[in-house]
Number of protein chains: 2
Amino acid sequence: MGIGNVSERRNAPPQVGVTSVILALESEERATRDGVSRRRLWLPLVRRTREPFKGLWALPGGPLKANRSLEESAYETLASTTDLHPTYLEQLYTFGDPSRSSGGIPMVSICYWALVEQAEFDVRDSEHNVRWFAQNDLPQLAFDHARIIDYALWRLRHRIDTPNVVRQLIGEPFTLGQLHSVVEAVRGEQLDLANFRRKMLASQMLEDTGDVLREGRRRPAALYRFNSEFESAALDPTLFTASADEVGGFGGGYGRGDHESDGGMSDELSALSALMPNTPHTR
Amino acid sequence: MGIGNVSERRNAPPQVGVTSVILALESEERATRDGVSRRRLWLPLVRRTREPFKGLWALPGGPLKANRSLEESAYETLASTTDLHPTYLEQLYTFGDPSRSSGGIPMVSICYWALVEQAEFDVRDSEHNVRWFAQNDLPQLAFDHARIIDYALWRLRHRIDTPNVVRQLIGEPFTLGQLHSVVEAVRGEQLDLANFRRKMLASQMLEDTGDVLREGRRRPAALYRFNSEFESAALDPTLFTASADEVGGFGGGYGRGDHESDGGMSDELSALSALMPNTPHTR
DNA sequence: CCAAAAGTGTTGATATTACACCCATGT
DNA sequence: ACATGGGTGTAATATCAACACTTTTGG
C-alpha cells in the first residue's frame, strides 16, 4: 500500500496530523462504585480500522487542514471522531520521527491535550469505535501513542494548579476541600490539607466569593474562585506573560532591582515552581 | 503568486516547515571591546528574497522533508541556510495560525532552538544573506518571528542550568566562577556568587574533576563537570525521566512514601524549580 | 606585600512540615 | 452528643538572601 514508489515517497512532504489526548477525572461516585482507592483519569481511544496498526487503539486525530489554526483542527478532529467538545486545549509537542509510523507513510503529529467534564466521559459510547480507558489500564496502543499519553499525563500533573485546568475538573466556585482532593488525585500523592489551604490562600490566586457550600451534616465550606489576574499562561505556553516574579532558583540574588526591559516572565514554569509543593519528607 | 484558486488552497494541506532560533552568547572580549556592560546573545537571521515579507529578516528555516526526523530537518536546513552546525537542538513549539503568513499560503512552522559556540558566531558572514544580530537590537522581522525569538530566549533563560546548555556555552570542565558568570549573563540579573556556588554544589549536579584552572595571578579554581546522572531532560522535553524528586509546591506532604508505579518524573520543570533562584529582595 | 578571585562562615528572615487542636453543622 | 469535615495554631526545621570574612595565588 502507500502511494508512489520509494523515491517518490522520499521527496514528498510528510503527512501532517493533529492528535489529541483527552483526559477526564472520574467522579468520586464512580471511583467508590468501582472500588478504586483513588480517582483515576480516563481517556478516549479510537480503534484503528486501517493499516498500520489496524485493530489497535489510538489517540483521536486527523489531518491538518489549511486555513485552520492548529487548535481549530484539533477541535474539529475531536468533534468528528469522538463527539467531544473540550473548552480548553493546550499544545503538547510535535512528533515527527519517520520511524514512528513503522512502515506507513511518514507522519508528523502535532499533539494537544485537553480536559473534559466528567459528564461527557460518562458517555461510554461504543459507537464510532470509541472507548474510554482508565489511564492505568490501557490497551496496546498504535504508533508511539503510549509515550504521548505519558507526556500528557505529566503535563496535567504539572498544570493542575492552573485556573483553566481546575475549572475543567471541578468548575467554579469550589471549596478548598474540593480543590485539595482533585489536586491529590491528579498528582497521585497526599498533601497535608492544613498546609495546602494556607498556601493556596497565600498564593493570591484565589478570591473568596462570600458564598458557602452546605453539604451533608458538616460545617459549610467557603467557596472560592480564581482571581482574574491569574488566568493567562496555561492555554498557550508561548504566552509567557510579564508579571509576578521570576522562576527562582540558584544562589542568592543581589537585590539591585535591575529587571530587564524585555520584561520578566512568569508562566508555565514559574507558575508551577511558585505553587507546587516540595516533596515531603518520609519520616 | 500562490498556487491554485482560493477553494483549492482551502482544501490543500498546509506547507510545513522547520524554523530554528540559533543563539550564541558573545565572548567577554567582544562584549568589552564593544563597550557593552553585559554579554549579549546574538542570533543569525536570513534576509527574505521572496514575498511575503520580501526584504525583511527572518529566522532560518526550510521545508520539512519526509523520511527525515524533525531534528534532522532542522539540522539540514540550518546547514544549508547558515552553515551552522549546532550540536544540540530542542523543540520549542509549533506555530500554525493561518494568519501568521498574512496572505501567503498557510504555513505550519515547527520551531527549534539551539546554541552555538561563540567561535561559529564570529563568522560574520554576509554571504548567503545571513547576518548576526544582537538580541536587543533586532531588525524588523517577517511573520511572527519576533514572538518565536522571545519564546526561545525565555526557554534559554529557563534551561540555563542544564548540562547540554552549559556545555554549549562554556564547555566542560568549568569553574564555578565561569558558570556563575554565564548564568548571570543569560538570566540578565546578578546572583550572589557565594550562594550560587553553595547551591550548585549542594545540587548534586556537579562532580569535582580534581583538576584546577590556573589563570592570571589569582588563586586556582576547582574544575567541575556535570554528574552523569543529570543528563536527560533538556534535549527532548518528552523525556521526562523518572528520578529525583517531584516538582514541589503546595501544602504539606504526607510522608507515606507512596510514589506511584508509573514513575515519578523530574525534568524540565522540576529541574528548574529545584535549581533556579528565587527572586531576590530589593532592600 | 598587594590585588583579585576562590572559597567559607554567619545571621536574621522567611518558608515548610508535621501534627495538635478548635469550630460549625445536621442528624 | 457526636461524627465529620472545615478551619486555625504552632514548634521544629530547612531554606534563603545578604554580606563579612579568610585563603590562595602571581606578580
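Chain identifiers are assigned alphabetically (A, B, ...) following the order of the sequence lines, protein sequences preceding nucleic acid strands; residue numbering begins at 1 within each chain. Note that this is a predicted model, so its numbers are computed, not measured.
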Checklist entry - Is it the case that A:E90 and A:Y88 place a side-chain donor and acceptor less than 3.5 Å from each other? => result yes
In whole angstroms, how far is the [atom2] atom of [N] from the [atom1] atom of [X]?
X      : N      : atom1 : atom2 : answer
B:F196 : C:dA5  : CZ    : P     : 17 Å
B:E215 : D:dG27 : CD    : C1'   : 16 Å
B:E189 : D:dA17 : CD    : P     : 10 Å
A:L213 : C:dG26 : CG    : P     : 12 Å
B:M200 : D:dC16 : CE    : P     : 14 Å

Checklist entry - C:dT16 phosphate, OP1 or OP2: any side-chain N/O from A:K199 under 4.0 angstrom? => result yes
Next on the checklist: Tell me which pairs pass salt bridge (Lys or Arg N to Asp or Glu O under 4.0 Å) where either residue lies in residues 201-215 of chain A, with sequence neighbours left out.
Outcome noted: A:E207-A:R225, A:E215-A:R218
Next on the checklist: Return the CZ to CG distance between B:R39 and B:L169, rounded to the nearest 0.5 Å.
Outcome noted: 8.0 Å
Item to check | Protein proximity profile, nucleotides 1-10 of chain D - base contact B, sugar-phosphate-only contact S, no contact -, cut-off 4.0 Å on heavy atoms | outcome: --SBBBSBBB
Item to check | A:I22 and its side-chain contact (heavy atoms from CB on, under 4.5 Å) partner, picked from A:L43, A:L78, A:L115, A:L45 | outcome: A:L78
Item to check | Donor-acceptor contact below 3.5 Å, side chain A:T162 vs main chain A:V165 | outcome: no
Checklist entry - Using the benzene-type ring in the case of Trp, are the ring centres of A:F174 and A:F226 under 6.0 Å apart? => result yes
